[in-house]
A.B. asks: 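Encoded as structure tokens, here's the structure I'll be asking about.
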Amino acid sequence: MNIFQEAAQKIIDSHYCVAFTGAGISVESGVPPFRGRNGLWNKYDPQSFEIDYFIHNTAGAWEIIRDIFYDLFGQVLPNTAHYALAEMEQRGLLKAVITQNIDNLHKDAGSTEVYEFHGSLKQIVCLNCGQKVNVAQVDMNRLPPTCLTCGGLLKPNVVFFGEAIPEYAASKSVDASEKADCMILIGTTGTVVPANTLPSRAKAGGTTIIEINPNPSEYTNRITDIFIQDKATRAMEHIMEAIDELI
Ligand code: APR
């Protein structure tokens, strides 16, 4: 049995399999990772995504946010790894995706049980009245955008450094991690708190950890049971082939 068949068998035998994804699953869609070669944090200062900086330097922060997250991210499409997870959900093999990503690509690929631990770029929120609007309703040529209802400051509905994790995503992600008997980690360094505690929480409950990453992560030598050192698309293609052979 090769490593893809081993992973496929664990997924088939599981009663509650979840995926935990990071920026790496979207790299082959053209979304740069945050860390490592070509990492966004090599080019941009993460301070633009700190809530205090944003509030005190709104125009400058919005310029960078638009350049990265709307001009660059805005055109990207799901890849075969996103579609594979959506197919696994449809076939009853995957119960949920917990994602650190804000690119909406899991939902675009058809996954429905998606917990966006760091929020989503698709929504813009007013910091004054709390109203949420779809990003398509915001004029990105007039920065910083203001709320049509109250004139307040608008911000992407993503978790900035220094902000709390959305309550719904936090509680559903913890619940899924505790219920999981199998967790597939795809494309994450495992360096950002508190998201990075979820796989460890699952492992503590006896979950089998399958990890897909071309590079070792914080998890690989600590909690990973099956380490598939490969890119997300190729690994997921092989796992789906193995599932079809085994079912
Ligand atoms: N397939 C799978 N994994 C890949 C691929 C690929 N083709 N290319 C790169 N990777 C892996 C890298 O080896 C690395 O482990 O993806 C990971 C990307 O790491 P990060 O950029 O740190 O992404 P992530 O772990 O999701 O970061 C967590 O940090 O800045 C915050 O909010 C941001 O959600 C993000 C969080």
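Just follow the structure's listing: the first ligand is 1, and inside any ligand the first atom is 1.
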A.B. asks: Do N221 and F227 make a side-chain contact, defined as non-hydrogen atoms from C-beta onward lying under 4.5 Å apart?
C.D. replies: no
A.B. asks: Can P214 be said to touch ligand 1, with heavy atoms closer than 4.0 Å?
C.D. replies: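 True for this residue.
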A.B. asks: Looking only at distance, does N101 have an N or O less than 3.5 Å from an N or O of ligand 1?
C.D. replies: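 No, since none of the N or O atoms of N101 sits under 3.5 Å from an N or O of ligand 1.
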A.B. asks: Is F161 touching ligand 1 with its side chain, its backbone, both, or neither, if touching means heavy atoms under 4.0 Å apart?
C.D. replies: side chain
A.B. asks: Could you tell me which residues satisfy ring-ring contact (aromatic ring centres under 6.0 Å, His included) with F4, sequence neighbours excluded, listed by chain and number?
C.D. replies: H238
A.B. asks: Taking F49 as the fixed residue, which of F161, F69, Y44, F54 is the one that meets the ring-ring contact (aromatic ring centres under 6.0 Å, His included) rule?
C.D. replies: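 Filter result, single survivor: F69.
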A.B. asks: Should the proximity of P33 to ligand 1, defined as any heavy atom under 4.0 Å, be assigned to the side chain, the backbone, both, or neither?
C.D. replies: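 Contact part for P33 vs ligand 1: both backbone and side chain.
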A.B. asks: Kindly assign one of parallel, tilted or perpendicular to the pair F34 and W41, based on the angle between their ring planes and the thresholds 30° and 60°.
C.D. replies: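 The arrangement is tilted - the two ring planes meet at 30° to 60°.
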A.B. asks: Within the structure provided, determine whether T21 and L85 are in side-chain contact (heavy-atom separation under 4.5 Å).
C.D. replies: yes
A.B. asks: Which of the numbered atoms in ligand 1 are under 4.0 angstrom from any heavy atom belonging to V27?
C.D. replies: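 Counting atoms of ligand 1 from 1, those under 4.0 Å from V27 are 8 (N).
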A.B. asks: Quick one, T188 and Q100 - any side-chain contact, counting heavy atoms below 4.5 Å?
C.D. replies: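 They are in contact (side-chain heavy atoms under 4.5 Å apart), so the answer is yes.
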A.B. asks: Share the residues that join Y168 in a hydrophobic cluster, the rule being Ile, Leu, Val, Met, Phe, Trp or Tyr side chains under 4.5 Å apart at the heavy-atom level.
C.D. replies: Y16, V18, F20, I98, Y115, F117, V159, I165, V174, M183, L185, L198, I209, Y219, I223
A.B. asks: Is ligand 1 under 4.0 Å from a heavy atom in the side chain of K231, in the backbone, in both, or in neither?
C.D. replies: both
A.B. asks: Provide, to 0.1 Å, the distance between atom 7 (N) of ligand 1 and the closest protein heavy atom, together with that atom's residue and name.
C.D. replies: E28 OE2, 2.9 Å
A.B. asks: Looking only at distances, can you tell me whether any N or O atom of F34, backbone or side chain, sits closer than 3.5 Å to an N or O atom of ligand 1?
C.D. replies: yes
A.B. asks: Checking a contact table here: which protein heavy atom is nearest atom 11 (C) of ligand 1, and how many Å away?
C.D. replies: N213 OD1, 3.4 Å
A.B. asks: When rounded to the nearest 0.5 angstrom, what is the spacing between NZ in K132 and CD in Q137?
C.D. replies: 13.5 Å
A.B. asks: For ligand 1, does H118 get within less than 4.0 Å through its side chain, its backbone, both, or neither, judged by non-hydrogen atoms?
C.D. replies: side chain
A.B. asks: Please indicate whether any nitrogen or oxygen in T191 is less than 3.5 Å from any nitrogen or oxygen in ligand 1.
C.D. replies: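 No: no nitrogen or oxygen of T191 is under 3.5 Å from one in ligand 1.
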A.B. asks: Only heavy atoms of V192, strictly under 4.0 Å: list the atoms of ligand 1 that pass.
C.D. replies: 28 (C), 29 (O), 31 (C), 36 (C)
A.B. asks: Could you identify the single nearest non-hydrogen protein atom to atom 28 (C) of ligand 1 and state the distance to 0.1 Å?
C.D. replies: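 For atom 28 (C) of ligand 1, the nearest protein heavy atom is Q100 OE1, 3.3 Å.
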A.B. asks: Please tell me if the side chains of S26 and H82 come closer than 4.5 Å, counting only heavy atoms from C-beta onward.
C.D. replies: yes
A.B. asks: Which residue supplies the protein heavy atom nearest to atom 25 (O) of ligand 1, what is that atom called, and how far is it?
C.D. replies: T188 OG1, 2.7 Å
A.B. asks: Which ligand 1 atoms does G22 reach within 4.0 Å, using its non-hydrogen atoms?
C.D. replies: 26 (O)
A.B. asks: For the residue pair M236 and I186, establish whether any side-chain heavy-atom pair is separated by less than 4.5 Å.
C.D. replies: yes
A.B. asks: Any side-chain heavy-atom pair from L153 and T58 closer than 4.5 angstrom?
C.D. replies: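 Yes, side chains in contact.
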A.B. asks: Examine ligand 1 and decide if any of its atoms is less than 4.0 Å from a heavy atom belonging to W41.
C.D. replies: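 Flag set, W41 near ligand 1.
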A.B. asks: In the protein, what heavy atom is nearest to atom 17 (C) of ligand 1, and what distance, to one decimal place, separates them?
C.D. replies: G187 O, 3.5 Å
A.B. asks: Can you tell me how far OH of Y83 sits from NE2 of H106, rounded to the nearest 0.5 angstrom?
C.D. replies: 12.5 Å
A.B. asks: Nearest protein heavy atom to atom 26 (O) of ligand 1, by residue and atom, and its distance?
C.D. replies: A23 N, 2.8 Å
A.B. asks: Give the residue and atom name of whichever protein heavy atom lies nearest to atom 19 (O) of ligand 1, and the separation in Å to one decimal.
C.D. replies: T189 CG2, 3.3 Å
A.B. asks: For atom 5 (C) of ligand 1, grab the closest protein heavy atom and report residue, atom and distance to one decimal in Å.
C.D. replies: G24 O, 3.5 Å
